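Since the structure comes first, as C-alpha cells, the remarks are kept for the end.
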Amino acid sequence: YSLWLRVVDLTRVPGINGDEAWYGVQMQRVADGQWVWRTPSGTLLSPFFSGVVLTLEAAFGPSYLILRAPAAMAGILCVAAGWWLMRRARDDESAWLFALILAVLPTNLAYARLGWDPSLVTLAALPICYFLWRGRFGAALVAGLVAVWVYPANVFLAPLVAACWLSRWASSKDGRLYRYLWIIPAGLVALALLLWLVPSARGIRLGAVAARLASPGDWGLFALYVAELFSGTTVYQYLVGDQPWQSVAAHDAVAWIVGIAAAFGLWHGWRAGDRKSAPFVAGTAVALVAFYLIVGLRGVQPGTERYALWSIVPICWCATMGLRAWLDLAPRTLRILTCAVALAALLSFQVLYLNDFGAHGGRSHRTFRTAQVEPKLAALDYIRTERPDGSATVFAEDWWCYWPMAYLAANDPGLRVAALPKPLEGQDIMRAASREDSFLVGFAGGPIDRLVTKRGFAWRIHTVTDPAGEPVLHVFKAGGRPE
C-alpha cells in the first residue's frame with residue numbers, strides 16, 4: 001500500500017513544480033555540453049539526483065515521470081535500506097519497526113512524489129546514523145560529507161556525529177579514539193567550505209540567534225512544528241491546502257502520543273542499563289536546538305519544511321529504540337496497535353492527499369494544482385494542435401509555468417517557450433500577444449489573466465480545469481476565437 005501511494009498518478013499529483021522542471025532543463029543543457037553546477041539558490045547541484053535524471057532522459061526522453069522517478073525510487077530504497085541497516089545495528093524487531101515508520105510517514109510519502117534534491121535527504125541520512133551506532137566515525141564523516149552534497153541542510157547532523165564521538169571517546173579506556181582526532185579539523189574545514197558554497201548560510205546573525213534563545217513562545221511553536229512534520233499536517237497544508245482544525249488536532253495528537261511513548265521507552269531502556277542510545281538521543285536533541293537557533297521557525301513551517309528533513313531519520317531512529325522497549329512488555333497487543341496506527345497513517349494520506357487532489361485538484365500554491373492531465377502538459381498539448389504552421393512561441397507567465405513547459409518543449413523544434421520579463425507589465429504582454437504565432441499561458445487569476453481581461457488585447461482560447469471544474473490554467477491568443 002505504501003509503495004502504491006508513492007507511485008500512483010505520479011506525473012500529475014501534485015502539479016509539476018517549476019523547481020522540479022528546472023532540474024530537467026539543466027540536465028538537457030548538460031547533455032548538450034553545457035556546464036551547470038549551481039542551483040538558483042546558490043547551492044551545489046547534486047549529482048545524486050540530477051545524475052539519475054540525466055541518465056533517464058538520455059534513455060527515454062523528457063517526461064514528467066522522468067523528473068519524479070529518482071525521488072520515488074529513493075523513497076522506496078529508503079524503506080528497504082532502513083530495514084537492512086537497523087537489522088544489522090540492532091535486531092529484527094527493531095528493523096521492521098523502523099522500516100514501518102519510514103514507510104508510513106506522510107512527509108516521506110509526499111517527498112517521494114516531488115522531483116528535487118530534498119527528496120533524497122532521508123536516504124542520505126541513513127548511513128550516517130548506522131555508522132554512528134556502530135562506532136565507525138570515519139565512515140560516518142564521509143557519509144556526512146556526501147549527505148551535505150546531497151542537500152546542504154544535512155550539515156545539522158554534525159552535532160549528532162560530535163555527540164556520539166565524544167561519548168565513545170569519554171568511555172574509552174585505552175585511548176584508541178585519539179586516532180579520530182582528525183575529525184575535528186576535518187569537520188571545521190567542511191563547515192567553512194559549506195559556508196563558502198552556500199551563500200544563504202553566510203547570513204547567520206548572532207542577534208537573531210539570541211532573540212530565539214530568549215523566546216519561550218517560539219520554543220513551544222518549534223516543538224509543535226516538529227511534531228507536525230511527522231504528523232503530516234505540514235505537508236498537507238503545503239501541498240494540498242489548509243486542513244480542517246479537527247483533522248490537524250487529531251493528527252498532531254497521534255504524533256505527540258507516539259513521541260511521548262517513545263520517550264518513556266527510551267527512559268525505561270536507560271534505567272534498565274541500555275546506555276548506548278543516550279548519546280544518540282542527546283546528539284539529536286542538540287542538533288534540533290542548533291537548527292532552531294540558526295534557522296528559526298521558518299525552517300519547519302509549511303513551504304520551507306524541506307530544510308528540516310535531515311531530522312527525520314535520527315528522530316525515527318530514536319523513536320524506534322523507544323517503541324521497541326514497549327514491545328517487550330506487551331508484544332501481541334502493541335504489535336496490533338502499531339499496525340493499526342501505521343494503516344491509519346496510510347489511509348490518511350490516501351484521503352487527505354490523493355483523494356483531495358482527485359476531487360479538487362489541490363487548494364494550495366498554484367504550481368501544485370492539477371487536473372485530469374497535468375495542467376502545463378495539457379496547455380502545451382492544446383497549443384500543438386492549434387499552431388498555424390507547425391511552429392509557435394509560448395510566453396509563460398512565471399517560473400511555475402515557464403520551466404515545466406520549457407522542459408517538455410525541448411525536443412520540439414517548432415515550439416519555443418519564453419519567459420515574460422519581471423515585473424510583468426501590460427506592454428510586455430501586448431508586445432508578446434501581437435506576434436501571429438504567439439500564445440500566452442498563465443494561471444487563472446494571475447497577472448496575464450487580469451491584464452488581458454482588463455485591456456482586451458487577447459482572447460482566452462482554452463482553459464484547463466481541475467476535477468471540480470474550476471479554472472487552473474488559461475491559454476490566450478491575440479485574434480483567437482474566445483472560448
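These figures come from a predicted structure and were not determined experimentally.
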Check the side chains of [Y] and [X] for a donor-acceptor pair under 3.5 angstrom, ignoring hydrogens and angles.
X      : Y      : answer
Thr463 : His474 : yes
Glu57  : Tyr407 : yes
Asp252 : Ser231 : yes
Gln301 : Arg298 : no
Tyr64  : Arg68  : no
Gln28  : Tyr23  : no

Assign the ring pair [X] / [Y] to parallel, tilted or perpendicular, where the plane angle (0 to 90°) is split at 30° and 60°.
X      : Y      : result
Tyr292 : Phe222 : tilted
Tyr307 : Tyr151 : parallel
Tyr353 : Phe357 : perpendicular

Would you give the length of the straight line joining atom [atom1] of [X] to atom [atom2] of [Y], rounded to the nearest 0.5 angstrom?
X      : Y      : atom1 : atom2 : result
Leu347 : Asn355 : CG    : CG    : 10.0 Å
Leu229 : Leu105 : CG    : CG    : 8.5 Å
Thr122 : Asn154 : OG1   : CG    : 9.5 Å
Leu440 : Ile448 : CG    : CD1   : 5.0 Å
Arg363 : Gln237 : CZ    : CD    : 10.5 Å

Ion pair Arg324/Asp91, N-O distance below 4.0 Å: yes
Salt-bridge contact Asp117-Arg306 (side-chain N to carboxylate O under 4.0 Å): no
Is the backbone N or O of [Y] less than 3.5 Å from a side-chain atom of [X], with the two atoms forming a donor-acceptor pair by type?
X      : Y      : result
Gln34  : Asp32  : no
Thr39  : Leu45  : no
Ser50  : Pro47  : no
Ser119 : Tyr111 : yes
Thr320 : Cys316 : yes
Ser348 : Ala344 : no
Ser364 : Leu239 : yes
Thr393 : Ala418 : no
His360 : Gly362 : no
Arg113 : Val8   : yes

Any side-chain heavy atom of [X] within less than 4.5 Å of one from [Y]?
X      : Y      : result
Trp35  : Val30  : no
Val417 : Phe395 : no
Glu228 : Leu224 : yes
Arg366 : Asp398 : yes
Glu374 : Thr11  : no
Val226 : Ser311 : no

Chi angles and distances behind the side chain to side chain contact (heavy atoms under 4.5 Å, CB included) call for Arg460, Val452: CA-CA 8 Å; Arg460 184 186 300 159; Val452 166; over 6 Å; no
Heavy atoms from other residues, nucleotides or ligands near OH of Tyr1 exceed 12 (cutoff 6.0 Å): yes
Greater than 12 external heavy atoms within 6.0 Å of Trp399's CH2: yes
With a 6.0 Å cut-off on ring centres, are [X] and [Y] close enough?
X      : Y      : result
Trp459 : Phe476 : no
Trp310 : Phe291 : yes
Phe439 : Tyr382 : no
Trp400 : Phe443 : no

Which atom of [X] lies closest to which atom of [Y], heavy atoms considered:
X      : Y      : result
Thr370 : Gly15  : CB-N, 3.9 Å
Leu67  : Gly24  : CD2-CA, 3.6 Å
Pro118 : Leu309 : O-CD1, 3.5 Å
Asn108 : Arg6   : CB-NH2, 3.9 Å

Worked check of side chain to side chain contact (heavy atoms under 4.5 Å, CB included) between Val441 and Cys401: CA-CA 8 Å; Val441 178; Cys401 263; 4.2 Å; yes
Check against salt bridge (charged side-chain N to carboxylate O under 4.0 Å, His left out), Asp9 and Arg12: CA-CA 6 Å; Asp9 290 330; Arg12 69 176 190 90; 3.5 Å; yes
Ring pair (Phe, Tyr, Trp, His ring centres under 6.0 Å) between Phe131 and Phe137, worked out: CA-CA 7 Å; Phe131 288 133; Phe137 299 106; over 10 Å; no
Ring pair (Phe, Tyr, Trp, His ring centres under 6.0 Å) evaluation trace for Trp317 with Phe98: CA-CA 7 Å; Trp317 193 286; Phe98 186 53; 5.4 Å; yes
Trp84 six-ring face occupied by Arg88 cation (under 6.0 Å, within 45°): yes
Working for side chain to side chain contact (heavy atoms under 4.5 Å, CB included), residues Val161 and Leu141: CA-CA 8 Å; Val161 177; Leu141 178 62; 5.7 Å; no
From CA spacing to verdict: ring pair (Phe, Tyr, Trp, His ring centres under 6.0 Å), Trp149, Phe48: CA-CA 9 Å; Trp149 196 358; Phe48 306 100; 5.5 Å; yes
Test log, rule side chain to side chain contact (heavy atoms under 4.5 Å, CB included), inputs Cys78 and Leu126: CA-CA 8 Å; Cys78 181; Leu126 275 174; 3.8 Å; yes
